Amino acid sequence: MPPPPPPPPPQVAPPDHPQLHGVVIITLPPPDQPSKGKTITAYTYTDDPGTPPTPPPPPRRPRSGMDPAAARRPRRVVSPRRAAAMVLVLGAFALAAYYCFYSDVAVQFLGVEEEEVEKERNETRSFLLPLYPKTRQGRALREFGDIKLAAKKIDDGGVRKGVNKLEAKRATSAGTNSTVLLPIKGNVFPDGQYYTSIFVGNPPRPYFLDVDTGSDLTWIQCDAPCTNCAKGPHPLYKPAKEKIVPPRDLLCQELQGDQNYCATCKQCDYEIEYADRSSSMGVLAKDDMHMIATNGGREKLDFVFGCAYDQQGQLLTSPAKTDGILGLSSAAISLPSQLASQGIISNVFGHCITKEPNGGGYMFLGDDYVPRWGMTWAPIRGGPDNLYHTEAQKVNYGDQQLRMHGQAGSSIQVIFDSGSSYTYLPDEIYKKLVTAIKYDYPSFVQDTSDTTLPLCWKADFDVRYLEDVKQFFKPLNLHFGNRWFVIPRTFTILPDDYLIISDKGNVCLGLLNGAEIDHASTLIVGDVSLRGKLVVYDNERRQIGWADSECTKPQPQKGFPFFL
């Protein structure tokens with residue numbers, strides 16, 4: 001009986017989907033002939049059921065006489081499928097990076113529920129403060145313009161003395177992401193200041209305040225009663241007795257200094273002296289500040305400010321028609337720090353002043369309007385005060401570097417001060433700049449009868465507009481080193497940003513000598529050079545940033561272009 005036929009081989013089901021296989025064959029040279037090198041062969045194929053796989057070809061050995069180095073070069077074979085897969089993987093990585101760094105969707109990846117994300121978005125509030133242009137008063141500017149670098153003075157047993165500002169005591173922010181957005185108005189010439197409007201009291205009353213990044217304390221002219229007050233646009237603020245801040249208040253102690261604490265006093269006194277030798281004296285008060293969000297929401301916070309009843313110097317003769325000064329330094333008593341300590345904003349603010357002669361601009365408190373790209377950043381340097389210091393490596397007028405004596409390898413201290421009408425240069429740099437301008441343009445003759453600014457030139461042709469002469473001048477560049485050793489960080493001051501055409505048709509230099517205000521080695525960037533730039537003061541990351549802007553309409557920054 002014949003044996004039964006063997007069972008048929010088991011059928012192997014084809015895979016559900018074609019599979020990609022990669023094969024790499026490495027052929028080593030013979031041990032006795034290492035000069036022939038090794039060969040690498042790579043390829044891919046699919047095991048499609050309808051097409052049997054093609055066996056790999058035998059490896060090729062280098063031909064006789066071929067360069068061994070050429071034989072050692074690998075041969076790369078990339079299939080269209082693999083190329084497409086690589087493109088998809090890279091695109092996925094780029095998309096993930098975009099969402100992780102620049103998108104609100106990253107919150108969901110971190111496990112936050114959609115409801116919480118929506119709630120956080122609804123809680124975000126934006127408040128706008130415009131910068132207002134001021135009505136021209138027909139008065140020439142004083143010789144050196146406004147400069148509001150404040151130095152506190154306090155009353156200690158009847159003897160006035162200057163004190164250093166203490167390190168600000170910052171409260172922990174509640175993590176909100178609101179932004180106060182305020183319009184700004186004003187001009188450099190002829191008024192020399194920019195101001196915004198805030199609302200204080202119950203019912204809320206408006207007050208116009210000079211925007212000043214060089215001052216700690218916000219103060220409003222006050223009927224306490226008033227000893228010396230300028231005639232402002234609004235009635236004097238009149239505090240109730242319960243609104244006066246006692247000496248034990250932490251902000252009072254920060255302002256005065258612990259060594260001047262007065263346990264028996266019933267009020268917190270202060271005196272501030274500015275670099276232009278004007279001063280303000282008063283007491284601290286606490287009242288409600290009202291702000292309106294761009295989404296219609298309202299904020300009311302306890303705001304500590306100066307009730308100023310005695311002003312001296314230029315504060316009494318200023319044509320600005322303002323009610324006081326808005327302090328924006330990094331001190332704990334400044335407006336941004338008070339808002340941040342109550343969890344309303346992050347401790348970030350910025351301003352954008354248009355170049356239009358009668359324009360204004362806007363100012364924001366918070367970080368919603370900080371661009372996420374296109375900004376140049378420089379670190380804020382610490383110091384005994386709360387001003388916004390940074391350091392420039394060099395200063396160039398065109399291609400000519402303006403050095404200070406013994407400066408080789410050292411930096412130049414720079415202060416950003418929106419309370420200063422003009423920009424002040426270190427004494428040596430100022431003198432070298434004036435010499436360079438006179439050498440380049442001998443046809444411009446100084447007109448000493450023009451007192452608009454310390455240095456005004458008369459041209460040998462009719463000058464009516466800045467466009468008539470700006471082509472004869474060069475930009476002033478402040479170099480803050482390189483980012484990542486490659487990208488230059490430069491603050492450029494164009495001729496438009498430092499020249500003024502006076503009423504007499506002369507060209508006046510809006511760059512002044514810092515020695516005149518006891519800052520012979522410091523460069524102070526004032527309003528004349530801050531126009532046409534969005535400037536951001538980030539007290540969270542301790543950095544100052546800037547970018548060119550028309551300053552006409554603020555734009556909230558929510559994302560990042562995918563193609564960058």
Side-chain angles (χ1 to χ4, degrees), residues 147-152 162-170 212-217 254 274-275 327-334 336-337 340 346-351 367 370 375-396 401-420 423-430 476-485 487-493 514-515 517-527 529-530 533-547:
I147 178 165
K148 293 295 184 290
L149 291 176
K152 293 192 304 293
V163 296
N164 290 331
K165 302 176 182 178
L166 299 179
E167 189 69 25
K169 303 169 185 174
R170 297 179 176 85
D212 187 9
T213 60
S215 291
D216 296 347
L217 180 66
E254 187 272 341
Y274 297 96
L328 297 170
S329 76
S330 61
I333 202 169
S334 72
S337 295
S346 57
N347 201 341
V348 179
F349 74 96
H351 55 70
D367 58 4
V370 179
M375 295 286 291
T376 300
W377 296 96
I380 296 176
R381 305 298 183 185
D385 51 34
N386 300 301
L387 302 178
Y388 294 104
H389 297 265
T390 186
E391 294 179 352
Q393 304 303 317
K394 60 181 179 177
V395 178
N396 282 15
Q401 183 174 352
L402 306 176
R403 295 179 178 271
M404 295 175 61
H405 181 69
Q407 184 201 334
S410 63
S411 57
I412 302 169
Q413 186 182 65
V414 178
I415 299 175
F416 284 75
D417 180 25
S418 66
S420 297
T423 292
Y424 291 79
L425 303 180
D427 180 61
E428 289 187 61
I429 290 181
Y430 174 80
L476 189 72
N477 292 310
L478 314 183
H479 296 277
F480 292 88
N482 295 332
R483 186 182 183 188
W484 300 323
F485 304 101
I487 305 175
R489 296 182 297 184
T490 305
F491 188 93
T492 300
I493 304 176
I517 56 169
D518 300 325
H519 282 270
S521 59
T522 304
L523 197 156
I524 301 172
V525 182
D527 290 337
S529 304
L530 295 173
K533 290 182 174 63
L534 172 64
V535 183
V536 177
Y537 306 80
D538 189 340
N539 289 304
E540 302 283 347
R541 297 178 176 84
R542 300 291 296 165
Q543 58 185 1
I544 300 174
W546 58 86

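Reckoned from all heavy atoms, side chains included, excluding hydrogens, waters and symmetry mates. Since we're looking at a predicted model, the values are computed, not measured. Start at 1 with the first residue, then count along the sequence.
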Side chain to side chain, S334 and N386, heavy atoms closer than 4.5 Å: no
State, with a plain yes or no, whether a side-chain heavy atom of V370 is found less than 4.5 Å away from one of V348. yes
For F349 and T213, run side chain to side chain contact (heavy atoms under 4.5 Å, CB included): C-alpha distance rounded to whole Å, both residues' side-chain angles, the deciding distance at 0.1 Å, then the answer. CA-CA 10 Å; F349 74 96; T213 60; 3.9 Å; yes
By side chain to side chain donor-acceptor pair (under 3.5 Å), T376 pairs with (sequence neighbours left out) none
Which atom names give the shortest non-hydrogen contact between R381 and R542, and what distance separates them? O-NH2, 4.2 Å
For the pair V525 and L478, evaluate side chain to side chain contact (heavy atoms under 4.5 Å, CB included) and give the outcome as yes or no after the intermediate values. CA-CA 10 Å; V525 182; L478 314 183; 4.2 Å; yes
Over all atoms of both residues, closest heavy-atom pair of I544 and W546: O-CZ3, 3.8 Å
Side-chain contact test, heavy atoms from C-beta onward, threshold under 4.5 Å: evaluate it for Q543 versus W377 and give yes or no. yes
A side-chain contact here means heavy atoms from C-beta on lying under 4.5 Å apart; do K533 and F491 qualify? yes
Give, for atom NE2 of H479 and atom CD of Q393, the distance between the pair rounded to the nearest 0.5 Å. 10.5 Å
Distance from I429 atom CD1 to R403 atom CZ, nearest 0.5 Å? 10.5 Å
What distance separates Q413 CD from I524 CD1, expressed to the nearest 0.5 Å? 9.0 Å
Of all the heavy-atom pairs spanning P336 and G327, show the shortest one and how long it is. CD-O, 3.9 Å
To the nearest 0.5 angstrom, please state how far the CG atom of L328 sits from the CZ atom of F416. 15.0 Å
Would you call the rings of Y388 and Y537 parallel, tilted or perpendicular, taking 30° and 60° as the class edges? tilted
Are side-chain heavy atoms of L476 and T423 found at a separation under 4.5 Å? no
Does T522 form a side chain to side chain contact (heavy atoms under 4.5 Å, CB included) with I415? I'd like the steps, not just the answer. CA-CA 7 Å; T522 304; I415 299 175; 3.8 Å; yes
Could you pull out the closest heavy-atom pair between S330 and S337, with the gap in Å? O-OG, 3.6 Å
Measure across D538 and R541 and return the closest heavy-atom pair with its distance rounded to 0.1 Å. OD1-N, 3.0 Å
Got S418 and D527 here, is their nearest side-chain heavy-atom distance under 4.5 Å? yes
Verify, without hydrogens or angle tests, whether S329 (side chain) and A331 (backbone) share a donor-acceptor contact under 3.5 angstrom. yes
In terms of heavy-atom contacts, R489 and P379 come closest through NH1-CD, 3.8 Å
Could you walk me through whether H351 and L530 pass the side chain to side chain contact (heavy atoms under 4.5 Å, CB included) test, one step at a time? CA-CA 9 Å; H351 55 70; L530 295 173; 3.9 Å; yes
Nearest 0.5 Å please: distance from the CD1 atom of I333 over to the CG atom of L217. 5.0 Å
Could you measure the distance from the CD1 atom of I493 to the CG atom of L425? Nearest 0.5 Å is fine. 7.5 Å
Does any part of the side chain of T390, heavy atoms only, come nearer than 4.5 Å to the side chain of F480, both counted from C-beta? yes
